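Just so you know, residue 1 is the first one in the sequence shown, and it goes up from there. The figures here come from the full heavy-atom set of this structure, side chains too, leaving out hydrogens, waters and symmetry mates. Being a predicted model, the structure only gives us computed values, none of them experimental. Counting starts at 1 for both ligands and their atoms, following the listed order.
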Amino acid sequence: MEWTPRSWEGLPCTQQPVYPDRAALERTLAEIGALPPLVTSYEIEALKSQLAEAARGERFILWGGDCAENFADCTSPAIAARLKILLQMSLVLVHGTRKRITRIGRFAGQYAKPRSAPTEMRDGVELPSFRGDNVNRPEFTLDARTPDPVLLLRGYERSALTLNFIRALVDGGFADLHHPENWDLDFVKHSPLATEYQRMVDAIGESLRFMETLAGGTIGAMQRVDFFTSHELLVLPYEAALTRRVPRREGWFNLSTHLPWVGLRTSDPGAAHVEFCRGIRNPVGVKVGPDTTPEQLLATIRTISPEAEPGRVVLVARCGAHRIGRTLPPLLRAVRDAKLPVVWIVDPMHGNTETVVPTSGAWAGKSVKTRKFAHILAEVEQAFEIHRMEGTVLAGVHVELTGEDVTECTGGARGLTDDDLSRAYRSQVDPRLNYEQALELAMLIARRAAGR
Ligand code: PEP
Ligand code: CO
């Protein structure tokens with residue numbers, strides 16, 4: 001079948017909003033289709049080659065951000081806080097792994113969410129489920145829940161605003177090691193980890209000054225780092241509107257983001273989302289779960305990249321700490337024995353979600369979705385170990401985190417308990433690591449890498 005940005009339309013396609021006014025949808029898509037792209041093919045190709053390096057063990061991928069971005073969080077402090085935590089984690093990882101780090105944000109487009117049911121029932125009233133800020137609105141009214149195509153345009157604009165600010169911060173020296181204020185720990189200052197972190201930053205600063213004394217000038221390359229963007233490839237008409245040919249390069253590029261990924265609920269190799277991925281030149285992520293079979297996985301990889309291009313297929317394993325030991329090894333072996341050059345990433349978040357019922361505090365007696373830090377860490381550690389035993393490479397981690405002081409995941413150096421969850425739980429979707437927990441995870445990964 002010939003591929004076009006809309007050739008998926010004849011295939012089974014789940015998780016799509018139902019727009020009552022198709023003509024309005026097409027008008028908005030045409031408008032988005034005429035606007036400039038959000039990223040360029042040059043950046044996409046650069047990321048793909050970095051991913052290929054990571055798959056060979058020459059780099060490490062740090063991939064993180066919110067489960068879902070909100071339109072309301074498209075603000076200067078929220079964007080800067082997200083960059084800062086990714087930057088600080090990557091510094092810690094460089095120090096521990098002695099590898100270059102590629103930073104990928106779940107941002108500038110991570111608005112749409114898959115849902116377990118297409119509708120939601122409250123007091124006998126049934127309405128479409130809330131699917132994210134670029135699809136509909138969370139209030140439980142028919143008007144709010146009816147998918148509105150204009151929100152796709154609002155999402156495109158916020159993605160552009162976010163990217164614009166990120167690019168300006170990075171170009172303006174936000175990541176410059178000569179600016180210690182950007183490396184400050186803010187409210188994590190009193191954390192048990194702060195001393196170790198500060199020692200690391202000081203040591204890196206020392207080395208930098210030493211090198212500069214030798215070189216007789218400032219080391220300019222230290223001022224620039226790259227941030228790549230990613231989001232779940234979900235609302236296909238939107239993605240198709242930003243999928244284009246570019247001058248002087250072969251093929252089609254999805255210019256809505258550098259690295260789109262296919263979630264677990266849409267990863268059927270015979271269905272629309274995988275078909276869409278087949279025709280774009282971007283690297284594409286595919287979530288791999290505890291029920292993914294080796295046959296299904298091989299079919300997906302071969303569909304997306306029949307030419308077995310290095311860096312193109314990124315497998316994001318999210319099995320859960322209790323299941324990874326059983327599920328991951330047969331998948332690693334199948335892909336290794338088929339000699340398919342994939343990039344293996346561990347997502348220690350989505351297989352470790354659980355519901356708890358706090359016994360005291362504001363949320364006593366209520367069910368709350370959370371994740372335990374110990375389970376997250378255990379899944380990462382097992383992933384390293386399993387890859388070592390199979391002779392494959394763990395190229396990176398994919399985490400849900402925020403640069404803020406939320407209480408959504410329990411455990412970590414400060415020992416958050418179920419009863420702490422009510423204090424600052426802000427996620428409308430999955431529970432995220434807070435600033436301190438995210439940094440701690442990076443330090444533990446780095447420590448493990450350094451000890452090897
Ligand atoms: C996610 O990454 O937020 C997500 C929904 O993941 P998964 O498809 O792995 O459940
Ligand atoms: Co999530």
Side-chain angles (χ1 to χ4, degrees), residues 13-17 61-70 73 82 104-118 129-135 229-236 239 257 259-269 271-274 276-277 284-293 296-297 300 313-324 327-328 331 343-355 368-372 375-376 379-380 383 396-402 406 408-409 425-434 437-438 441:
C13 185
T14 52
Q15 299 289 342
Q16 298 307 290
I61 308 293
L62 172 64
W63 186 356
D66 287 306
C67 183
E69 286 178 284
N70 303 124
D73 281 340
R82 242 184 261 147
I104 306 173
R106 283 175 67 116
F107 52 48
Q110 177 54 15
Y111 294 115
K113 293 307 293 176
R115 300 310 307 259
S116 47
S129 297
F130 174 58
R131 290 186 178 275
D133 278 0
N134 66 350
V135 174
T229 64
S230 73
H231 64 247
E232 181 168 353
L233 183 88
L234 206 57
V235 184
L236 289 181
E239 304 295 338
T257 189
L259 173 57
W261 85 84
V262 177
L264 204 62
R265 294 170 185 81
T266 46
S267 62
D268 177 350
H273 290 79
V274 171
F276 178 81
C277 292
V284 292
V286 179
K287 291 286 194 106
V288 175
D291 301 321
T292 308
T293 64
Q296 183 195 348
L297 188 58
T300 305
V313 179
V314 183
L315 300 177
V316 187
R318 32 86 84 223
C319 304
H322 301 289
R323 299 214 261 178
I324 184 172
T327 346
L328 191 59
L331 297 173
V343 188
W344 279 107
I345 303 281
V346 61
D347 163 0
M349 311 301 289
H350 289 88
N352 292 314
T353 315
E354 59 187 286
T355 303
V368 190
K369 206 154 85 156
T370 187
R371 290 161 173 158
K372 291 189 170 61
H375 291 165
I376 294 167
E379 184 161 0
V380 174
V397 291
H398 177 131
V399 281
E400 286 183 344
L401 53 80
T402 158
V406 301
E408 299 172 5
C409 293
Y425 196 106
R426 294 198 208 113
S427 175
Q428 286 175 338
V429 272
D430 290 338
R432 303 159 295 177
L433 294 172
N434 65 24
Q437 291 167 328
L441 184 68

Check ligand 1 against the protein and report each N/O to N/O distance under 3.5 Å, formatted as atom name, atom name, distance.
residue, atom, partner, partner atom, Å
ligand 1, 2 (O), Arg106, NH1, 2.9
ligand 1, 2 (O), Arg106, NH2, 3.4
ligand 1, 2 (O), Lys287, NZ, 2.8
ligand 1, 2 (O), His350, NE2, 3.2
ligand 1, 3 (O), Arg106, NH2, 2.9
ligand 1, 3 (O), Lys113, NZ, 2.8
ligand 1, 3 (O), His350, NE2, 2.9
ligand 1, 3 (O), Glu400, OE2, 3.1
ligand 1, 6 (O), Lys287, NZ, 2.9
ligand 1, 8 (O), Leu264, N, 2.8
ligand 1, 9 (O), Lys287, NZ, 2.9
ligand 1, 9 (O), Arg318, NE, 2.6
ligand 1, 10 (O), Arg318, NH2, 2.9

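Only protein N, O or S atoms were considered, and those under 2.8 Å from the Co ion (ligand 2) are Cys67 SG, His350 NE2, Glu400 OE2, Asp430 OD2.
Of the options Leu331, Ile61, Val316, a side-chain contact (heavy atoms from CB on, under 4.5 Å) to Trp344 is made by Leu331 and by none of the others.
Proximity of a side-chain donor or acceptor of Ser427 to a complementary backbone N or O of Val429 within less than 3.5 Å is detected. At distances below 3.5 Å, at least one donor-acceptor pair connects side-chain atoms of Gln15 with backbone N or O atoms of Arg115. With Thr229 contributing its side chain and Thr257 its backbone, the two residues share no donor-acceptor pair below 3.5 Å.
The pair Glu379-Arg371 does not meet the salt-bridge criterion, since no charged nitrogen lies less than 4.0 angstrom from a carboxylate oxygen.
Legend: residues meeting side chain to side chain contact (heavy atoms under 4.5 Å, CB included) with Val286, ordered by chain and number and at least two apart, are Ser267, Thr300, Ile304, Leu315. Under the ring-ring contact (aromatic ring centres under 6.0 Å, His included) criterion, His375 pairs with His322, not counting sequence neighbours.
Side-chain contact between Tyr111 and His231 is absent, with no heavy atoms from C-beta onward closer than 4.5 Å. Proximity of Arg432 to Gln437: side-chain heavy atoms (C-beta onward) are nowhere separated by under 4.5 Å.
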